[in-house]
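None of the values given here were measured: they were computed from a predicted structure. All chains are named by letter (A, B, ...) in the order of the sequence lines, taking the proteins before the strands, and each is independently numbered beginning at 1.
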Protein chains: 2
Amino acid sequence: MHANELQEAVERLKESGVRITPQRHAVLEFLIHAETHPTADDIYKALEGKFPNMSVATVYNNLRVFREIGLVKELTYGDASSRFDYNTTKHYHVICESCGKIVDFHYPSLDEVEALAEKVTGFEISHHRMEIYGKCPDCKTTH
Amino acid sequence: MHANELQEAVERLKESGVRITPQRHAVLEFLIHAETHPTADDIYKALEGKFPNMSVATVYNNLRVFREIGLVKELTYGDASSRFDYNTTKHYHVICESCGKIVDFHYPSLDEVEALAEKVTGFEISHHRMEIYGKCPDCKTTH
DNA sequence: TATTATATTATAATCCTTATAATCTTAGTG
DNA sequence: CACTAAGATTATAAGGATTATAATATAATA
């Protein structure tokens, strides 16, 4: 399913003059297949079996490259570390305040909000982010 | 103008069994009067004239106390450090991607989004956050 | 004023992320 | 297919924000 996505992503990297190294490919593949929204350390740990000598810096470097190209979004919540999300379709995140679970939530983009903000503030708006917080079904029942 | 707000905040602290120390009072007062959205270090620097011996830890400790009581909101953007916002009325933030300026933006709370998220995900939604990004008027002209 | 729990201070420690320099590798070119 | 130069990786150190610790000081209450 994700085969096309991976191939397309590799194409975009090549077009941007970014070299395809095994480590870079693995980080990208992991992000595309990830059901979760991993931290840099999550990725590092997940790949250390395949690449015992890979440096944490490599993970960070590649995440930065992916972000700059727009393949990946960096999410900064209250926690200590950033989370990284492969950019597929537009969606928001619903986050459980008890266990930290993150669920995708599709909703028509709030163009109206952006338009009003532009009018009121005089900013030239490029994008917005939104997160919704609450308690997931599991955490609701267990207490 | 902010006198009442400060007094009410102090009341809420007392009710929660939190002691009113000079440092704590000063941090709270600074937050209430702040037009900006300061970092912990901003607050520390702003008060070092009045409290030459105050520790950075004190600022962080007090911000945590305020946050736990709900007097203050902690904002985590992409930057290195958190920003702290005294909780007044509901509003969103518009952030300049060039110079980092943050402007308040009032908009009717997106209850509809929360309601839909609740229905679709089964979460019990408590709140949401949203930020809007763009280029401020100053940065638009200077290019 | 005496007491006790709580706050502050100073410092060290921790965690996440980035910088550096040396080594290695990719992706072209001849 | 070997050569080359720009770019990537590694290992390590350094940086910055935040938290933990232990000793000292102070607010609130009786």
Select from Gly17(A) and Phe84(B) the residue whose nearest nucleotide in DNA chain D is closer to the 5' end of that strand.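 The 5'-side residue here is Gly17(A).
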Which residue lies toward the 5' end of DNA chain D, Phe51(A) or Lys14(B), if each is placed at its nearest nucleotide?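 Looking at DNA chain D, the more 5' nearest nucleotide goes with Phe51(A).
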Mind calculating the distance between [atom1] ([X]) and [atom2] ([N]) to the nearest angstrom?
X	N	atom1	atom2	result
Leu63(A)	dC16(C)	CG	P	14 Å
Asn61(A)	dC16(C)	CG	C1'	14 Å
His25(B)	dA28(D)	NE2	P	11 Å
Tyr44(B)	dA10(C)	OH	P	8 Å
Leu13(B)	dA7(C)	CG	C1'	13 Å
Leu75(A)	dC16(C)	CG	C1'	16 Å
Lys50(A)	dT9(D)	NZ	C1'	17 Å
Arg19(A)	dG7(D)	CZ	C1'	4 Å

For the side chain of Ser81(B) and the base of dA17(D), is some donor closer than 3.5 Å to an acceptor across the two? no
On a plain distance test, is the side chain of Arg24(A) in donor-acceptor contact with the base of dA8(D) below 3.5 Å? no
Please check this pair: side chain of Arg12(B) against backbone of Ile69(B), looking for a donor-acceptor N/O pair closer than 3.5 Å.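 Between the backbone of Ile69(B) and the side chain of Arg12(B) there is a qualifying donor-acceptor contact (under 3.5 Å).
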Test your reading of the model: is there a side-chain donor-acceptor pair from Thr76(B) to the backbone of Thr76(A), 3.5 Å cut-off? yes
Rounded to 10°, tell me the angle between the two end axes of the helix from dT1(C)-dA30(D) to dG30(C)-dC1(D), each built from five pairs.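 Between the axes fitted at each end of the helix from dT1(C)-dA30(D) to dG30(C)-dC1(D) lies an angle of 30°.
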Can Asn62(A) and His25(A) be counted as having a side-chain donor-acceptor contact under 3.5 angstrom?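 No, no side-chain donor-acceptor contact under 3.5 Å.
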Can you find a side-chain donor-acceptor pair between Thr39(B) and Asp42(B) that sits under 3.5 Å? yes
Measure up the Tyr133(B) and His127(A) rings against each other and bin them: parallel (under 30°), tilted (30 to 60°), perpendicular (over 60°). parallel
Report yes if at least one side-chain N or O of [X] is closer than 4.0 Å to OP1 or OP2 of [N]; otherwise report no.
X	N	result
Tyr60(A)	dT18(C)	no
Thr21(B)	dT8(C)	yes
Ser82(A)	dT17(C)	yes

Using the rule given for side chain to side chain contact (heavy atoms under 4.5 Å, CB included), can you reason through Val113(B) versus Phe105(A), listing the C-alpha separation, both sets of side-chain angles and the distance that settles it, and then say yes or no? CA-CA 10 Å; Val113(B) 177; Phe105(A) 170 60; 3.9 Å; yes
dT10(D), dA5(D), dA20(D): which one has an atom nearest the side-chain heavy atoms of Gln23(A)?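 Given the options dT10(D), dA5(D), dA20(D), the side chain of Gln23(A) is closest to dT10(D).
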Base, sugar-phosphate, or nothing for [X], non-hydrogen atoms under 4.0 angstrom?
X	answer
Pro22(B)	sugar-phosphate
Thr58(B)	base
Asn62(B)	sugar-phosphate
Arg64(A)	nothing

Residue pairs meeting side chain to side chain donor-acceptor pair (under 3.5 Å), one or both in residues 44-54 of chain A, sequence neighbours left out, come to Asp41(A)-Lys45(A)
Heavy-atom pair of closest approach, residues Gly134(B) and Phe123(A):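 That closest heavy-atom pairing would be C-CD2, 4.1 Å.
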